[in-house]
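We're numbering straight along the sequence, starting at 1. Note that this is a predicted model, so its numbers are computed, not measured.
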Amino acid sequence: MSIFKLCKSFFSVNWIITLIINFKYLPLNQACRLPIFIYRLSNCSGKGKILILSNTIVPGMIKLGIKHEPSCMSLQGIHIINNGTIIFNGSGIIGNGSSLVVNRNSILEFGKNFGITGNLSVHCSSRIIIGDNLSCSWNVSISDTDHHQCINPDTCIQYPITKPVTIGNNVWCCQHSIISKGSNIPDWVTIAQMSLTNRIYEVPYYSILAGIPAKEINKKIKREDIEIIQKLSPNWFITYGLKIFNQR
């Protein structure tokens with residue numbers, strides 16, 4: 001990396017928020033290594049917990065609010081309200097213009113090597129589990145709640161306001177897709193752009209879910225870049241230090 005690019009990367013980090021989030025939420029032996037970098041105009045509030053469950057902790061292995069896609073124009077970095085628990089099982093990137101809202105007694109968990117373009121919106125009121133190697137385009141929404149309590153007007157029986165969301169390994173969420181409460185997405189599935197998932201899907205590897213609500217279509221795709229990631233050594237990080245993609 002050239003001196004110019006290194007300086008640009010260094011000064012794009014919001015070091016004040018970076019220091020606050022690392023030393024407020026992480027144990028000292030992790031915080032002193034600054035594994036979480038926060039970018040741009042960002043904020044983080046709440047009395048919840050952040051856990052990094054990785055055997056190796058390196059500076060900037062988790063980048064939040066970074067602008068790495070020209071189509072995401074927001075000046076905001078990331079907005080986090082955490083009154084539950086956020087778990088990172090490894091490295092990853094969440095782009096600018098994103099928000100994570102985790103309510104009390106709720107768990108939001110990210111697998112290893114997640115790559116999220118930007119403008120992500122997550123609302124977690126119970127449990128959202130995301131597998132390894134998530135690839136997520138811009139303007140994607142993930143929520144396990146309806147936000148409002150609703151009833152059946154005929155029977156007056158309440159509908160559940162929340163249902164856990166599970167996203168498997170190697171899933172690709174295309175732009176403007178919505179993963180709503182109760183969604184269970186198997187491994188290696190692609191969610192087509194402008195689609196909405198809302199149930200447990202039992203589909204084979206490489207299936208495409210499309211439509212509102214989404215259903216399996218008669219087409220399959222397999223992303224070669226994820227296969228390449230899986231063949232790399234276990235010391236490889238999708239994001240490391242001041243570089244976005246690198247190998248230890």
Under 4.5 Å between side-chain heavy atoms, chaining through other members, with only Ile, Leu, Val, Met, Phe, Trp and Tyr counted: pull out the rest of the cluster around [X], sorted by chain and number.
X      : result
Tyr159 : none
Leu53  : Leu51, Ile87, Ile107
Trp138 : none
Trp172 : Ile208, Ile217, Ile221

Side chain [X], main chain [Y], donor-acceptor under 3.5 Å:
X      : Y      : result
Lys24  : Ser45  : no
Gln76  : Ile78  : no
Ser54  : Gly90  : no
Thr117 : Cys136 : yes
His68  : Gly118 : no
Ser177 : Cys173 : no

Identified side chain to side chain contact (heavy atoms under 4.5 Å, CB included) partner of Asn22 from the options Ile20, Leu19, Leu26: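 Between Asn22 and the candidates, side chain to side chain contact (heavy atoms under 4.5 Å, CB included) is satisfied uniquely by Leu26.
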Sequence neighbours left out, what pairs pass salt bridge (Lys or Arg N to Asp or Glu O under 4.0 Å) with at least one residue falling in residues 148-163? none
Applying side chain to side chain donor-acceptor pair (under 3.5 Å), name anything that partners [X], two or more places apart in sequence or on another chain.
X      : answer
Asn89  : Glu109
His79  : Asn43
Ser126 : Asp144

Not counting sequence neighbours, which residues clear side chain to side chain contact (heavy atoms under 4.5 Å, CB included) with Asp187? List them please. Asn169, Tyr205
Just to verify, what does Ile228 make a side chain to side chain contact (heavy atoms under 4.5 Å, CB included) with, not counting sequence neighbours?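 Ile228 satisfies side chain to side chain contact (heavy atoms under 4.5 Å, CB included) with no residue once adjacent residues are dropped.
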Any side-chain heavy atom of Ile93 sitting closer than 4.5 Å to one from Ile66? yes
Partners meeting ring-ring contact (aromatic ring centres under 6.0 Å, His included) with Tyr206 (sequence neighbours left out): Trp188
Compile the donor-acceptor pairs under 3.5 Å between side chains in residues 94-105 and protein atoms, sequence neighbours left out, one pair per line.
residue, atom, partner, partner atom, Å
Asn96, ND2, Cys72, O, 3.1
Asn96, ND2, Ser74, O, 2.9
Ser98, OG, Gly95, O, 2.8
Ser98, OG, Asn119, N, 3.3
Ser98, OG, Leu120, N, 3.0
Asn103, ND2, Ser125, OG, 2.7

Are Arg223 and Ser135 linked by a side-chain donor-acceptor pair shorter than 3.5 Å?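 A pair is found: one side chain offers a donor N or O, the other an acceptor, under 3.5 Å apart.
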Atom of Tyr201, atom of Pro186 and distance for their closest heavy-atom approach: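 Closest approach of Tyr201 to Pro186: O-CG, 3.0 Å.
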According to a 4.5 Å side-chain heavy-atom criterion applied to Ile, Leu, Val, Met, Phe, Trp and Tyr, with indirect links allowed, do Ile129 and Leu134 form part of one hydrophobic cluster? no
Which word best sums up how the rings of Phe10 and Trp15 line up, parallel for under 30°, tilted for 30 to 60°, or perpendicular for over 60°? tilted
